[in-house]
Colleague: 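Quick one: this structure, given as structure tokens, is what I'll be asking you about.
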Amino acid sequence: MTYQPKSEFLRIMSERGFMKDCTDLERLDELMQKGGVPAYIGFDCTASSLHIGSLLQIMMLRWLQKTGQKPIVLMGGGTTKVGDPSGKDESRKLLDNDAIAANKAGIFSVFEKYMAFGDGPTDAIMVDNADWLDRLNYIDFLREYGPHFTINRMLSFDSVRLRLDREQPLTFLEFNYMLLQAYDFVELFRRHGCRLQLGGSDQWGNIINGMELGRRVEQADLFGITTPLIATADGAKMGKSADGAIWLNADMRSPYEFWQFWRNTMDADVGRFLRLFTELPLNEIARLEALEGQEINEAKKILATEVTTLCHGPALAAQAEEAARATFEQGTLSDDLPTVTLTAADIGDGLSIGQLFVRAGLSKSGKDAKRLLADGGAKLDDEPVTDPATMLTATDFAEGPRKLSAGKKRHALVKIEG
């Protein structure tokens with residue numbers, strides 16, 4: 001019989017589909033029933049925002065706090081200088097200290113929306129592994145911790161083996177990443193009593209490394225949990241859309257576009273995404289995912305509003321929902337649609353409709369725009385337009401913004417100022 005966790009956190013993780021593997025579920029469950037267990041997830045500072053590919057981990061940290069445990073957000077100010085090779089066919093771009101600091105600030109603004117930070121027993125804390133990694137003496141580090149790792153074992157990990165199998169180069173710098181991540185777990189145990197590391201399924205080997213290192217050098221009893229790889233029903237990886245990453249910061253992806261991404265969820269994914277990315281009760285989710293035909297669209301709207309409320313707040317979520325209703329149900333313009341502002345100088349003697357679709361982010365290139373128009377998927381103010389050479393001048397914007405549509409679900413306003 002499968003073990004049924006008794007602690008609230010592990011029960012929620014199991015019931016809502018967060019958990020793929022756990023190193024010792026029964027013993028971890030016993031520990032977490034006492035409450036206040038410090039647990040961490042690491043996030044490298046590779047961009048000024050996280051995208052929805054990290055949302056599963058963020059929700060786990062939120063549930064940790066809501067169930068009486070203590071979340072630790074570990075920022076990889078140190079490991080970002082190395083680059084995690086997991087899931088990558090090539091080396092990540094190395095960033096300087098100023099870029100890493102700016103990215104760290106942008107990422108922190110995401111976490112503030114999902115959990116409370118402070119000094120209390122269940123308040124979240126944010127720490128940076130640069131605090132200890134930047135001060136490491138390399139020779140001393142290798143002498144003290146290097147003997148606990150074997151090249152044979154390191155070569156067996158997916159993050160290394162998959163890169164080598166594809167005959168893609170793996171630098172010695174990246175090869176060190178797993179040692180540093182293991183050391184992070186040890187330092188967090190020493191500094192904050194951290195007992196649990198959470199991460200995606202691709203981090204299983206790194207988590208095990210950290211647990212074993214903690215056991216050998218500190219006799220620490222540590223645990224690990226991994227989450228399943230989250231893909232959409234058609235096999236696409238979460239975090240991307242036709243026009244790029246779905247960022248969690250509003251300055252990189254508007255609340256309307258964020259809401260619309262979730263509204264466009266495939267029917268088969270609605271129930272799963274409601275369980276993972278919202279806090280709706282399971283019985284309500286069961287009711288919503290059982291809807292069929294056109295009724296399932298109501299469940300998608302609820303999903304979109306619930307997720308957007310957590311990420312951007314109830315006011316912006318309500319605005320996004322209303323903008324979508326006005327656009328799709330009433331056929332009117334809304335100021336909350338993604339808006340591109342051009343100057344008269346940008347327009348000059350005129351811009352082609354194809355160029356406008358590129359400027360509005362609805363097409364990746366002029367070639368992509370021509371294909372969209374040729375396939376009949378482009379509209380200007382809800383009227384089909386098929387000729388990519390159609391020109392618009394500043395006079396065409398004299399009465400206000402113009403609405404561009406790529407297919408049925410992607411829209412933008414273009415307006416002229418100055």
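This chain uses plain numbering: 1 for the first residue, then up along the sequence. Please read all numbers here as calculations on a predicted model, not as lab measurements.
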Colleague: Can you tell me which residue pairs pass the side chain to side chain donor-acceptor pair (under 3.5 Å) test with a partner in residues 20-31, sequence neighbours excluded?
Modeller: Tyr3-Asp29, Ser7-Asp29, Asp24-Arg27, Arg27-Asp221

Colleague: Check Trp247 against Ser49 and note the closest heavy-atom contact, atom names and distance.
Modeller: CZ3-O, 3.0 Å

Colleague: Does some side-chain heavy atom of Ile246 sit less than 4.5 Å from a side-chain heavy atom of Phe258?
Modeller: yes

Colleague: Side chain to side chain contact (heavy atoms under 4.5 Å, CB included) between Val37 and Lys70: does it pass, once the steps are laid out?
Modeller: CA-CA 6 Å; Val37 175; Lys70 186 174 184 66; over 6 Å; no

Colleague: Looking at side-chain heavy atoms only, is the closest gap between Lys104 and Asp128 below 4.5 Å?
Modeller: yes

Colleague: Could you give the side-chain donor-acceptor pairs of residues 113-127 under 3.5 Å, partners two or more places apart or in another chain?
Modeller:
from, atom 1, to, atom 2, distance (Å)
Lys113, NZ, Cys311, O, 3.4
Asp123, OD2, Asp119, N, 3.3
Asp123, OD2, Gly120, N, 2.8

Colleague: Looking only at non-hydrogen atoms, find the nearest pair between Ala320 and Trp259 and report the distance.
Modeller: CB-CB, 3.6 Å

Colleague: Just so I know, are the side chains of Ser48 and Met252 near enough to count as touching, which here means a heavy-atom distance under 4.5 Å?
Modeller: yes

Colleague: Suppose we screen for side chain to side chain donor-acceptor pair (under 3.5 Å). Which residues come up paired with Thr232, at least two apart in sequence or across chains?
Modeller: Asp234

Colleague: Mind running side chain to side chain contact (heavy atoms under 4.5 Å, CB included) on Leu61 and Val73 for me, showing each step along the way?
Modeller: CA-CA 8 Å; Leu61 291 170; Val73 180; 3.9 Å; yes

Colleague: Applying the side chain to side chain donor-acceptor pair (under 3.5 Å) criterion to Asn297, which one of Lys301, Gln294, Glu295 satisfies it?
Modeller: Gln294

Colleague: Any side-chain heavy-atom pair from Arg253 and Phe261 closer than 4.5 angstrom?
Modeller: no

Colleague: For a quick check under 3.5 Å, do Ser109 and Glu112 share a side-chain donor-acceptor pair by atom type?
Modeller: no

Colleague: To the closest 0.5 Å, what do you measure between CG (Leu64) and CD1 (Ile41)?
Modeller: 7.0 Å

Colleague: Quick one: pull up CE in Met13 and CD1 in Ile225 and give me the separation to the nearest 0.5 Å.
Modeller: 8.0 Å

Colleague: Taking ring pair (Phe, Tyr, Trp, His ring centres under 6.0 Å) as the test, write out the residues that go with Phe223, two or more places apart.
Modeller: none

Colleague: Sequence neighbours excluded, which residues qualify as side-chain contact (heavy atoms from CB on, under 4.5 Å) partners of Ile296?
Modeller: Asp267, Val270, Leu291, Ala299, Lys300

Colleague: List the atom of Thr305, the atom of Ala317, and the distance in Å for their closest heavy-atom pair.
Modeller: O-CB, 3.9 Å

Colleague: For residues Glu257 and Ser254, is any side-chain donor paired with an opposing acceptor at under 3.5 Å?
Modeller: yes

Colleague: Mind checking what makes side-chain contact (heavy atoms from CB on, under 4.5 Å) contact with Asp184, not counting sequence neighbours?
Modeller: Tyr40, Leu74, Thr79, Asn129, Trp132, Leu133

Colleague: Is any side-chain heavy atom of Leu280 less than 4.5 Å from a side-chain heavy atom of Leu288?
Modeller: yes

Colleague: If we only count heavy atoms from C-beta on, is the Pro5 to Leu25 side-chain gap below 4.5 Å?
Modeller: yes

Colleague: Examine distances only and state if a side-chain atom of Gln69 and a backbone atom of Met32 form a donor-acceptor pair shorter than 3.5 Å.
Modeller: yes

Colleague: So how far is it from Asp44 CG to Thr80 OG1, rounded to the nearest 0.5 Å?
Modeller: 3.5 Å

Colleague: Only counting residues at least two apart or in another chain, list the ones meeting ring pair (Phe, Tyr, Trp, His ring centres under 6.0 Å) with Tyr145.
Modeller: Phe141, Tyr183

Colleague: Going by atom types alone, do Glu8 and Gln33 pair a side-chain donor with an acceptor below 3.5 Å?
Modeller: no

Colleague: Just by modelled atom types, is the Ile12 backbone N or O under 3.5 Å from a matching donor or acceptor in the Glu15 side chain?
Modeller: no

Colleague: What distance separates Ile230 CD1 from Ser201 OG, expressed to the nearest 0.5 Å?
Modeller: 9.0 Å

Colleague: Is the count of non-hydrogen atoms from other residues, nucleotides or ligands lying under 6.0 Å from Glu292 atom CD greater than 12?
Modeller: no

Colleague: Indicate yes or no for a side-chain donor-acceptor contact from Arg16 to the backbone of Thr278 under 3.5 Å, with no hydrogens or angles considered.
Modeller: yes

Colleague: To the nearest 0.5 angstrom, please state how far the CD atom of Glu212 sits from the CG atom of Leu222.
Modeller: 11.0 Å

Colleague: Let me know which of Arg191, Arg190, Arg195 forms a salt bridge (charged side-chain N to carboxylate O under 4.0 Å, His left out) with Glu218.
Modeller: Arg190

Colleague: I need the full list of salt bridge (charged side-chain N to carboxylate O under 4.0 Å, His left out) pairs touching residues 131-150, with sequence neighbours left out, sorted by first then second residue.
Modeller: Lys81-Asp134

Colleague: May I ask you to test the Thr227-Gln57 pair for a side-chain heavy-atom distance under 4.5 Å?
Modeller: yes

Colleague: Tell me which one of Asn249, Ile107, Asn103, Leu55 satisfies side-chain contact (heavy atoms from CB on, under 4.5 Å) with Leu50.
Modeller: Ile107

Colleague: Picking from Leu303, Ile302, Thr308, what satisfies side-chain contact (heavy atoms from CB on, under 4.5 Å) with Glu306?
Modeller: Ile302

Colleague: Would you find a donor on one side and an acceptor on the other, under 3.5 Å apart, between the side chain of His51 and the backbone of Gly53?
Modeller: yes

Colleague: Not counting sequence neighbours, list each pair that qualifies as a salt bridge (charged side-chain N to carboxylate O under 4.0 Å, His left out) and has a residue in residues 271-284.
Modeller: Arg62-Glu279, Lys66-Glu279, Asp269-Arg272, Arg275-Glu289, Glu284-Arg287

Colleague: Go through the structure and list residues passing side-chain contact (heavy atoms from CB on, under 4.5 Å) with Lys367, not counting sequence neighbours.
Modeller: Ser365, Arg371

Colleague: Heavy atoms only: give me the nearest Gly224-Met211 pair and the separation to one decimal.
Modeller: N-SD, 3.7 Å

Colleague: Where do Pro38 and Ile72 come nearest, in terms of heavy atoms and distance?
Modeller: CB-CD1, 3.9 Å

Colleague: Please list, chain by chain and in numerical order, all residues satisfying ring pair (Phe, Tyr, Trp, His ring centres under 6.0 Å) with Phe189, sequence neighbours excluded.
Modeller: none

Colleague: Nearest heavy-atom pair of Cys45 and Gly77: which atoms, and what distance?
Modeller: SG-N, 4.1 Å

Colleague: What's the separation between atom CH2 in Trp63 and atom CG in Leu198, rounded to the nearest 0.5 Å?
Modeller: 15.0 Å

Colleague: Please enumerate all residues that pass side chain to side chain donor-acceptor pair (under 3.5 Å) together with Asn209, with sequence neighbours excluded.
Modeller: none

Colleague: After noting the C-alpha distance and the side-chain angles of Trp262 and Phe277, does the key distance pass the ring-ring contact (aromatic ring centres under 6.0 Å, His included) rule?
Modeller: CA-CA 10 Å; Trp262 295 100; Phe277 302 116; 5.2 Å; yes

